[in-house]
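Computed over heavy atoms, backbone and side chain alike; hydrogens, waters and symmetry mates excluded. Atoms within each ligand, like the ligands themselves, are counted from 1 in listed order. Numbering of residues begins at 1 and proceeds along the displayed sequence.
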Amino acid sequence: MNFQLTEEQRSVQQAARDFALNDLLPGVIERDTDQKFPSEQVKKMGELGFMGMMTNPKYNGGGMDTISYVLAMEEISKIDASASVCMSVNNSLVCWGLEKFGSEEQKEKYLKPLAAGQIIGAFCLSEPEAGSDATSQRTTAEDKGDYYLLNGTKNWITNGNSASVYIVIAQTDAAKRHKGINALIVEKGMPGFVVGKKEDKMGIRGSDTHSLMFTDVKVPKANRIGEDGFGFTFAMTTLNGGRIGIAAQALGIASGAYEFALKYSKERKAFGKHLSEHQAIQFKLAEMATKIDAARLLVWQAAYLKDQGKDFVKAAAQAKLFASQIAQEVTTEAVQIHGGYGYVKEFHVERLMRDAKITQIYEGTTEIQKLVISRELLR
Ligand code: CAA
């Protein structure tokens, strides 16, 4: 693996950094307080090519590698994890899955506007009674010949209200367990589809997380992704890639908090000298920087393996496990370095500490990552 970024990767990184500082930083505290979805900013992310970065240009994507994607995710997550989760779901769980497994017709109709960022997508797997235990899907997709009749409820769906296109995982034949599950493309506005309540969350408060209700929604057969019964494999394969995006998000939250703390330590004085001149703070900074660098290596390794067409399942789970863990530790230390100022909203680290927690929960909890890693080790 080459640690030297290419000219193109560096320019993507810089573009994401500039966008985060110029467009996301202003108002990020207010959006968090008011739980306001960053609509304008997400629209601009589409115009700048951040919503379908890895998608083939023939479907309006950027045709970039996964390394470029994680570089952009890190920069955007340093400032606004609510915007970056919207970006991550659209790129990894929706566009990537559609490009890899969708029909040509689905790519023309759905992938093109999604990759251009003209519309947003959502990935709907979790249910009130099926989170980590994803094979226990209660949502049903009854085969009615030309269409599926969709019934059920999905929970904690990122982009729940802002999306126009939803990939919904549902059980068609319970007797076949995970082999009876399908992935269906559902459009907002299909009769019987209702967006439910918005969750009032601890962190990523700008992202719109909703429950979704489906009552006798007729979904055309042409909207099924892959063969009959492919839905669970679709969800798992897509999530493998998604976990690289969330690992990069966790890395960004950690490195953002570290950068705020580093800057603060050079400005604030205590006992007659800057905080950065106290060994107690220097040692904290040293540990934070080392953890961040180690997480970045894991994230880049997973992205690199994916780009090489190699098996990246274990690497992605390891990257997410470790990056989300150090995001907790680093953001907590960043608050500690800020002292009382770290506990109030205007210094950003308080928000980043709250945002960090979700990276240990969504797209597979810490415990699920350990399960995936150990299964890979023992296979
Ligand atoms: N990659 C590819 N295939 C996988 C896989 C993986 N990582 N993990 C399991 N599979 C396949 C298995 O090979 C098996 O298929 P075959 O029978 O054809 O071989 C099938 O899936 C079922 O696997 P298991 O028998 O091992 O099923 P299980 O119930 O014991 O375990 C699980 C499955 C790994 C725990 C799975 O349920 C899982 O990953 N759960 C976590 C779900 C999750 O990540 N949810 C996040 C919600 S989405 C989200 O958060 C999005 C958002 O909005 C931000």
Side-chain angles (χ1 to χ4, degrees), residues 73 77 81-97 100-101 120-139 154-163 165-169 171 174 176-181 183 198-199 201 203-204 207-212 226-250 302 305-306 311-321 324 355 357-379:
M73 274 298 296
S77 304
S82 296
S84 74
V85 69
C86 173
M87 171 180 162
S88 180
V89 167
N90 203 70
N91 274 277
S92 330
L93 296 185
V94 180
C95 289
W96 188 73
K100 194 165 171 59
F101 299 113
I120 302 172
F123 179 84
C124 316
L125 173 67
S126 302
E127 299 188 349
E129 289 171 88
S132 290
D133 184 10
T135 47
S136 297
Q137 293 287 305
R138 302 276 163 91
T139 298
K154 294 288 174 183
N155 257 27
W156 310 294
I157 304 304
T158 304
N159 302 338
N161 193 38
S162 53
V165 169
Y166 300 76
I167 298 180
V168 181
I169 311 300
Q171 185 66 258
K176 291 186 182 161
R177 211 175 150 256
H178 66 273
K179 293 199 161 86
I181 290 175
K198 180 174 175 163
E199 301 296 348
K201 306 189 295 295
I204 56 161
S207 90
D208 63 328
T209 311
H210 285 255
S211 56
L212 307 174
E227 295 297 306
D228 183 33
F230 180 67
F232 195 74
T233 304
F234 169 84
M236 290 297 111
T237 311
T238 307
L239 274 168
N240 290 331
R243 286 164 186 165
I244 301 178
I246 300 304
Q249 180 188 46
L305 289 173
K306 180 166 168 284
D311 185 350
F312 62 92
V313 174
K314 177 167 72 74
Q318 286 177 319
K320 183 178 183 290
L321 171 70
S324 62
D355 288 349
K357 185 60 205 170
I358 191 62
T359 64
Q360 289 192 307
I361 299 174
Y362 57 24
E363 300 203 24
T365 60
T366 290
E367 293 70 22
I368 289 292
Q369 304 314 318
K370 289 181 185 172
L371 187 143
V372 172
I373 296 163
S374 55
R375 281 183 179 183
E376 291 293 315
L377 294 175
L378 296 167
R379 90 172 38 246

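- Of the protein's non-hydrogen atoms, R177 NH1, 4.1 Å is the one closest to atom 25 (O) of ligand 1.
- Neither the backbone nor the side chain of E367 comes within contact range of ligand 1; no heavy atom lies under 4.0 Å.
- Considering backbone and side-chain atoms alike, I368 places every N or O at 3.5 Å or more from each N or O of ligand 1.
- Among all protein heavy atoms, the one lying closest to atom 18 (O) of ligand 1 is K179 NZ, 3.5 Å.
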Step-by-step side-chain hydrogen bond (donor to acceptor under 3.5 Å, both in side chains) determination, E127 to T139 = CA-CA 8 Å; E127 299 188 349; T139 298; 2.7 Å; yes
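- For the pair T135 and ligand 1, a heavy-atom separation below 4.0 Å is found.
- The closest protein non-hydrogen atom to atom 42 (C) of ligand 1 is G131 O, 3.8 Å.
- Taking a distance limit of 4.0 Å, we find that atom 13 (O) of ligand 1 is approached by no protein heavy atom.
- Closest heavy-atom approach to atom 40 (N) of ligand 1 within the set S92, S132, C124, A134: this belongs to S132.
- Looking at atom 47 (C) of ligand 1, its nearest protein heavy atom turns out to be S126 OG, 3.3 Å.
- Heavy atoms of H178 found under 4.0 angstrom from ligand 1 belong exclusively to the side chain.
- Heavy atoms only, all atoms of each residue included: G242 and S88 are closest at O-OG, 4.4 Å.
- Residue contacts with ligand 1 do not include T209, since none of its heavy atoms lies under 4.0 Å from the ligand.
- The number of heavy atoms from other shown groups lying within 6.0 Å of NZ (K198) is above 12.
- The nearest protein atom to atom 7 (N) of ligand 1, hydrogens excluded, is given as N240 OD1, 2.9 Å; this is a heavy-atom distance.
- Polar contact check, T233 against ligand 1: no nitrogen or oxygen pair lies under 3.5 Å apart.
- Nearest protein neighbour of atom 11 (C) of ligand 1, counting heavy atoms only, is M236 CG, 4.4 Å.
- Going from atom CZ of F123 over to atom CD of E363 covers 7.5 Å, rounded to the nearest 0.5 Å.
- At the shortest separation from atom 52 (C) of ligand 1 among protein heavy atoms lies T158 OG1, 3.5 Å.
- For the pair K370 and E367, the salt-bridge criterion is not met [side-chain N within less than 4.0 Å of a carboxylate O].
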Are I169 and F234 close enough, and set up right, to give a side chain to side chain contact (heavy atoms under 4.5 Å, CB included), and what steps lead you there?
-> CA-CA 9 Å; I169 311 300; F234 169 84; 4.2 Å; yes
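- Among all heavy-atom pairs drawn from A302 and I244, the shortest one is O-CD1, 3.7 Å.
- Close approach of ligand 1 to Y362 (heavy-atom distance below 4.0 Å) involves ligand atoms 50 (O), 54 (C).
- Residue-level proximity to ligand 1 for I157 is absent, since no heavy atom of it falls below 4.0 angstrom.
- Residue L93 has at least one heavy-atom neighbour below 4.0 Å for each of these atoms of ligand 1: 51 (C).
- Residue E227 qualifies as open at atom CD: its count of foreign heavy atoms under 6.0 Å is 12 or below.
- Closest of all the heavy-atom pairs between N240 and A316 is O-CB, 3.4 Å.
- Between S207 and K201, the closest heavy-atom pair is O-NZ, 2.8 Å.
- Scanning all heavy atoms of the two residues, the minimum distance from Q249 to S84 falls at NE2-OG, 3.1 Å.
- If you take CD1 on I181 and NZ on K176, they are separated by 12.0 Å, rounding to the nearest 0.5 Å.
- Of all protein heavy atoms, the one closest to atom 30 (O) of ligand 1 is R375 NH2, 2.9 Å.
- One option in W156, F230, F232 has a heavy atom closer to atom 21 (O) of ligand 1 than any other, and that option is F232.
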